[in-house]
There are 2 protein chains.
Amino acid sequence: MLKIGELASLAGVSRDTLRFYEKHGLIIPNQRTESGYRLYSNIDVERISFIVSAKEVGFTLNEIHQLLELEVTKDKKSCQDVKEFVDNKITIVNQRLLEIEKIKHSLQTLSDACCGGDEPATQCTILGALNEQAR
Amino acid sequence: MLKIGELASLAGVSRDTLRFYEKHGLIIPNQRTESGYRLYSNIDVERISFIVSAKEVGFTLNEIHQLLELEVTKDKKSCQDVKEFVDNKITIVNQRLLEIEKIKHSLQTLSDACCGGDEPATQCTILGALNEQAR
DNA sequence: ATAAACCTTGGAGTATAGTCTAGAGTCAAG
DNA sequence: CTTGACTCTAGACTATACTCCAAGGTTTAT
């Protein structure tokens with residue numbers, strides 16, 4: 001069991017952020033000490049690390065909340081709902097993957113190609129690099 | 001040459017957003033009509049589309065601004081600076097790629113595996129699916 | 001046993017990225 | 001030649017996601 005400061009430094013977020021996430025339902029307070037101190041478990045560590053990752057790739061806290069609440073019980077209705085929601089997110093994620101790959105390549109082009117090489121000057125900006133690979 | 005409304009609907013952003021980006025130096029006003037209407041060129045279309053993409057994968061407008069301002073002239077100093085900055089961004093982008101792949105796989109697991117299959121119930125949440133692939 | 005370091009709540013403040021409104025001018029179609 | 005759709009500026013407002021502060025209680029190290 002971890003206290004808030006311990007979880008915070010473990011997860012690389014601030015104590016305030018953890019309390020903020022709790023207030024918004026992203027982490028569920030498990031337990032408190034007699035004096036009211038929050039106590040966190042390994043599950044919370046996982047949740048926070050998921051939240052941080054998902055946020056970094058562009059999901060809002062609201063979307064993350066929905067993702068965390070998903071739970072497929074094996075009856076068909078819940079399955080249908082979850083599948084629809086999740087497949088939607090997969091589409092978004094795939095688009096983001098393509099975009100991030102494109103940006104990565106153009107960054108790479110920018111980093112590699114323009115240092116004393118004889119590439120045309122058009123390649124030596126991010127937009128130039130982006131266009132280069134579009135060809 | 002496009003008027004603001006035309007560029008806006010082409011790029012899928014609002015007119016206000018375009019003016020906002022201009023105010024913050026992300027797009028440079030090229031030209032105005034005599035009556036003061038903004039006129040945009042193809043270069044602006046590219047810039048906006050870059051901004052939108054970069055934003056979607058988690059860059060802030062500030063970072064995007066810096067990326068757009070990068071321009072390697074072939075002297076060594078500018079090269080050094082740009083390379084450092086860009087390589088930094090590439091590291092970040094690579095981390096994001098890994099994270100987004102991980103999330104994608106767990107979404108896929110969630111979508112595929114839990115609909116009437118005989119997987120354990122632990123796999124039927126996003127965290128369960130994430131852990132599954134960690135093994 | 002007392003100071004430093006931690007925790008609590010509630011509420012105010014901040015940064016980012018828009019979004020909306022008002023009041024006025026411009027342009028194209030009927 | 002006026003109506004409707006568009007544009008302009010400046011400034012107020014909003015949502016999201018924190019971040020900080022005050023005033024107080026708790027724990028731990030010396």
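All chains are named by letter (A, B, ...) in the order of the sequence lines, taking the proteins before the strands, and each is independently numbered beginning at 1.
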Checklist entry - Quick one: do A:D16 and A:R19 make a salt bridge, cutoff under 4.0 Å? => result yes
Item to check | Atom pair distance, as rounded to whole Å: CD1 in A:I48 and P in D:dC18 | outcome: 10 Å
Next on the checklist: Would a single hydrophobic cluster contain both A:L26 and A:L2, if residues Ile, Leu, Val, Met, Phe, Trp and Tyr are joined by side-chain heavy-atom contacts under 4.5 Å?
Outcome noted: yes
Checklist entry - Base, sugar-phosphate, or nothing for A:T33, non-hydrogen atoms under 4.0 angstrom? => result nothing
Item to check | Nucleotide D:dA15, atom P - distance to CG of A:N62 in whole Å | outcome: 13 Å
Item to check | Polar side-chain atom of B:E6 near backbone of B:K3 as donor-acceptor pair, under 3.5 Å | outcome: yes
Item to check | Integer-rounded Å distance: D:dA10 P and B:H24 NE2 | outcome: 14 Å
Item to check | Beyond-backbone contact of B:L127 with A:F50, side-chain heavy atoms, under 4.5 angstrom | outcome: yes
Checklist entry - If only side-chain N and O atoms of A:Y37 are considered, is one of them under 4.0 Å from the OP1 or OP2 phosphate oxygen of D:dG25? => result no
Next on the checklist: Counting the atoms with a prime plus P, OP1 and OP2 as sugar-phosphate, which does A:R38 contact under 4.0 Å by heavy atoms, base, sugar-phosphate, or nothing?
Outcome noted: sugar-phosphate
Checklist entry - If only atom types and distance count, is the side chain of A:E63 paired as donor or acceptor with the main-chain N or O of A:T60 below 3.5 Å? => result yes
Checklist entry - Could you give the CD-to-P distance, from A:E6 to D:dT27, as a whole number of Å? => result 13 Å
Next on the checklist: Rounded to whole Å, how long is the line connecting atom NE2 of A:H65 with atom P of D:dT16?
Outcome noted: 13 Å
Checklist entry - Transitively linked via ILVMFWY side-chain contacts under 4.5 Å: B:Y37 with B:I4? => result no
Next on the checklist: Quick check for you: name the first and last nucleotides of DNA chain C, 5' to 3', having an atom under 4.0 Å from a heavy atom of chain B.
Outcome noted: C:dA17 to C:dC27
Next on the checklist: With a cut-off of less than 4.0 Å, is there a side-chain N or O of B:R15 near OP1 or OP2 of D:dT7?
Outcome noted: yes
Checklist entry - Pick the nucleotide of DNA chain D nearest each of A:T17 and A:E34; which residue has the one closer to the 5' end? => result A:T17
Item to check | Whole-Å gap separating P (D:dA17) and CG (A:L61) | outcome: 4 Å
Next on the checklist: Distance check needed: D:dT9 C1' versus B:R32 CZ, whole Å only.
Outcome noted: 10 Å
Next on the checklist: Between B:D112 (side chain only) and B:T109 (backbone N and O only), is there a donor and an acceptor less than 3.5 Å apart?
Outcome noted: no
